[in-house]
Asker: 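Quick one: this structure, given as structure tokens, is what I'll be asking you about.
Proteins come first, then strands; the chains are lettered A, B, ... in the order of their sequence lines, and each starts at number 1. All values below were derived from every heavy atom in this structure, side-chain atoms included, with hydrogens, water molecules and symmetry-related copies excluded.
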Amino acid sequence: MIDDSSHCPHRARAEKNASPLPVTDGKFDFVHEDAYLPPGADRQDRKIFEKQQEQHFRAIHRKVLQDRWIFSPFLEKSIPKIAGGERIISLATIRDTLVQRRLYEYLYPIVDPLLSDACCAYRRGSGAHNAIKQIRNALDAGYVHVLDADIKSFFDRVDHETLLAIARDLPIDERALRLLQIYLTTPRVTSEDRRKADSAKPRTKYSREPRTLGIPQGGVISGMLANLLLASFDKEMQQGEDILVRYADDFLVCCQTEQAANDADVRAAHALDALGGLELHPDKTAVRDATDGVDFVGFRIGRGFTRVRSANLAKFKKGIREVIDTHKPKTDSNWDLRRLSRRLSYKIQGPIDEIRKHNLAKHPHHRSWIGFYRIVDDEKQIKNLDRWIREQISRYVWQQHHKKVTAKHMREAGLPSLYGTLWKARKPPESA
DNA sequence: GACCACAATAC
RNA sequence: UUUGUAUUGUGGUC
């Protein structure tokens, strides 16, 4: 990612040190033109930023190369977690996001080779499906005694000095190192402070609170930093026969015996403590027999089966309910059922009409929810879900039109089945 | 190759 | 007035 434009006054130094920098190429790859970008603590939104984009690029470039970049405070926002509770997310300013992206591009090729195959989150070419595949292999090979563990408030409790000590051993530019340190200690604006300042007339300045612990969730480089910190932990857990699979702070150690899993528990607690006093979550960590399944990254996986995890199933049902509950009824019941089926069809199999226009046979994989869960092999679970959806529709039609509808009516109204969609998604492509 | 859209996961 | 980041998957366009 080295990109020294001719107008850079520090060209020589940048070359010598392998600059982490350049924010000068004008590449502004926010997803799409009219996407709204929330203003950060500088209250600058995308429109304002773009008016003076070139000046901003130059200023950023200069300051970073001169080792003088400071991140604005991160605004905090809470979002709900899938299993309940809330999660604090940090929002950066546009300029800071650009700097973080450059830092990310610079550090990624240095950090990634240090990671183990067991580390599946925040990495190119990996992901949830890869994690599930590894666990399936382990369970199928008889490694069914698992330590199912979660690190207590992991992101919030990362110790800065421990992480920086690891970063100092990397072959990186001094400025990148200092940027990391600045990033970690960038102050926060809590959602309460933010609300107060925004509702005051005239608006007042945000009050900032120092950060002494943890990495901001929502930062571009945070996931990578988490992996960097835990790289040594992964190595430690992979000793012996045990098979580790880690996704962010959530990990399984698959063992051949219960004793080995208990040992892994002790080793994990020890290794985490050595990494700046991290702890396992006592309630979410246990040694269990995975023959009947364990929950991991959206799936429930056991010996010989993969299902949708119940919390994720509930979330999907909630989405279906929302479509039905917000549906505006029409007086003609047949027409109404047709309209509702159309909306639900999108949830179930994605915008299939668009695909059919071209060549359906060539594109057996559909997007949408079932596309992600296409590796599920418990057909009963999917059939039950189909039945559940039909029950919801049937109840809706009864309440609105006092008519009984069967599965046949729904099929004729254009409602696809999840099972059929899954079956098609798993089928290998027909010859083109 | 590039760009875009929509899903899902995790934090 | 505004829910962030990374990754994966699928599809589309040139």
Asker: Round to the nearest Å and state the distance from A/R195 atom CZ to C/U1 atom C1'.
Answerer: 15 Å
Asker: Strictly below 4.0 Å: does A/R123 bring a side-chain N or O up to OP1 or OP2 of B/dT9?
Answerer: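 Answer no for this pair, as no side-chain N or O of A/R123 is under 4.0 Å from OP1 or OP2.
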Asker: Considering only B/dA10, C/U5, C/U3, which nucleotide approaches the side chain of A/I82 most closely?
Answerer: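 Between B/dA10, C/U5, C/U3, the one nearest the side chain of A/I82 would be B/dA10.
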Asker: Under 4.0 Å, heavy atoms only, any strand: does A/Y104 hit a base, just the sugar-phosphate, or nothing?
Answerer: sugar-phosphate
Asker: In this structure, how many angstroms lie between the P atom of C/U10 and the CZ atom of A/R374, rounded?
Answerer: 6 Å
Asker: Kindly indicate whether a cation-pi arrangement holds for A/R339 with A/W335, taking the cut-offs as under 6.0 Å to the six-membered ring centre and within 45° of the axis.
Answerer: yes
Asker: For A/I79 and B/dT9, give me the distance from atom CD1 to atom C1', rounded to whole Å.
Answerer: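 Atom CD1 in A/I79 sits about 13 Å away from atom C1' in B/dT9.
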Asker: Would the A/F251 and A/F296 ring centres measure less than 6.0 Å apart?
Answerer: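 Not under 6.0 Å, so no.
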Asker: In whole Å, I'd like the distance from the CD1 atom of A/I88 to the C1' atom of C/U5.
Answerer: 15 Å
Asker: Looking at A/Y247, does any N or O in its side chain come under 4.0 Å of the phosphate oxygens OP1/OP2 on B/dA8?
Answerer: no
Asker: With respect to the phosphate group of C/U8, does any side-chain polar atom (N or O) of A/N130 fall under 4.0 Å of OP1 or OP2?
Answerer: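 Answer is no, no contact under 4.0 Å.
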Asker: Closest approach to the side chain of A/R124, judged atom by atom: which nucleotide of C/U8, C/U3, B/dA10 is it?
Answerer: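 For the A/R124 side chain, the nearest candidate turns out to be C/U8.
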Asker: For A/Y373, report the nucleic acid contact type (base, sugar-phosphate, nothing); a contact means any heavy atom under 4.0 Å.
Answerer: sugar-phosphate
Asker: Please give, in whole Å, the distance from C/U7 P to A/K133 NZ?
Answerer: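 Taking NZ of A/K133 and P of C/U7, I get 18 Å after rounding.
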Asker: Using a heavy-atom cut-off of 4.0 Å across all strands, would you classify A/R309 as base, sugar-phosphate, or nothing?
Answerer: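 Since only primed, P, OP1 and OP2 atoms lie under 4.0 Å of A/R309, the category is sugar-phosphate.
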Asker: Toward the 5' end of RNA chain C, which comes first, A/Y108 or A/P80, by nearest nucleotide?
Answerer: A/P80
Asker: Starting at the 5' end of RNA chain C and moving along, which residue's nearest nucleotide shows up first, A/S222 or A/S126?
Answerer: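 Comparing both residues, the 5'-ward one is A/S222.
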Asker: Would A/R208 count as a cation-pi partner of A/Y206, with NZ or CZ less than 6.0 Å from the six-membered ring centre and within 45° of the ring normal?
Answerer: no
Asker: Using the ring of A/Y108 (Phe, Tyr or Trp, six-membered ring only), decide whether A/R124 places NZ or CZ under 6.0 Å from its centre and within 45 degrees of its axis.
Answerer: yes
Asker: So, is A/K77 close to the C/U3 phosphate, meaning a side-chain N or O under 4.0 Å from OP1 or OP2?
Answerer: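 A/K77 to C/U3 OP1/OP2: side-chain N or O found under 4.0 Å.
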Asker: Report yes or no: does A/R178 contribute a side-chain atom to a donor-acceptor pair with the main-chain N or O of A/W69 at less than 3.5 Å?
Answerer: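 Side chain of A/R178 to backbone of A/W69, a donor-acceptor pair under 3.5 Å: yes, one is there.
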Asker: Return the nucleotide paired to C/U2: Watson-Crick means purine N1 to pyrimidine N3 with N6-O4 or O6-N4, wobble means G-U with N1-O2 and O6-N3, both under 3.5 Å.
Answerer: none
Asker: Regarding A/G223, tell me which of base, sugar-phosphate or nothing describes its non-hydrogen contacts under 4.0 Å with the strands shown.
Answerer: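 Since no nucleic acid heavy atom lies under 4.0 Å of A/G223, the category is nothing.
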Asker: Using purine N1 to pyrimidine N3 plus N6-O4 or O6-N4 for Watson-Crick, or N1-O2 and O6-N3 for G-U wobble, both under 3.5 Å, which nucleotide pairs with B/dC6?
Answerer: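 Matched B/dC6 with C/G9 under the 3.5 Å cut-off.
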Asker: Among the candidates C/U3, C/A6, B/dT9, find the nucleotide nearest to the side-chain atoms of A/V297.
Answerer: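 The answer is B/dT9, which lies nearest to the side chain.
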Asker: Taking the side chain of A/F372 as its heavy atoms from C-beta onward, which of B/dT9, C/G4, C/G9 lies nearest to it?
Answerer: B/dT9
Asker: Of the candidate nucleotides B/dT9, B/dA10, C/A6, which contains the atom at the shortest distance from the side chain of A/R101?
Answerer: C/A6
Asker: With no hydrogens and no angle check, is any side-chain donor or acceptor of A/S199 less than 3.5 Å from a backbone partner on A/R195?
Answerer: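 Yes; judged by distance alone, with no hydrogens or angles, the pair exists.
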Asker: Nearest whole angstrom, please: distance from the C1' of C/A6 to the OH of A/Y183.
Answerer: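 Answer to the nearest Å: 11 Å.
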Asker: Tell me which nucleotide among C/U3, C/U5, B/dT9 gets nearest to the side chain of A/K315.
Answerer: B/dT9
Asker: For A/K152 and B/dC11, give me the distance from atom NZ to atom P, rounded to whole Å.
Answerer: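 It is 16 Å, rounded to the nearest whole Å.
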Asker: How many whole angstroms separate atom CG of A/L225 from atom P of B/dC11?
Answerer: 17 Å
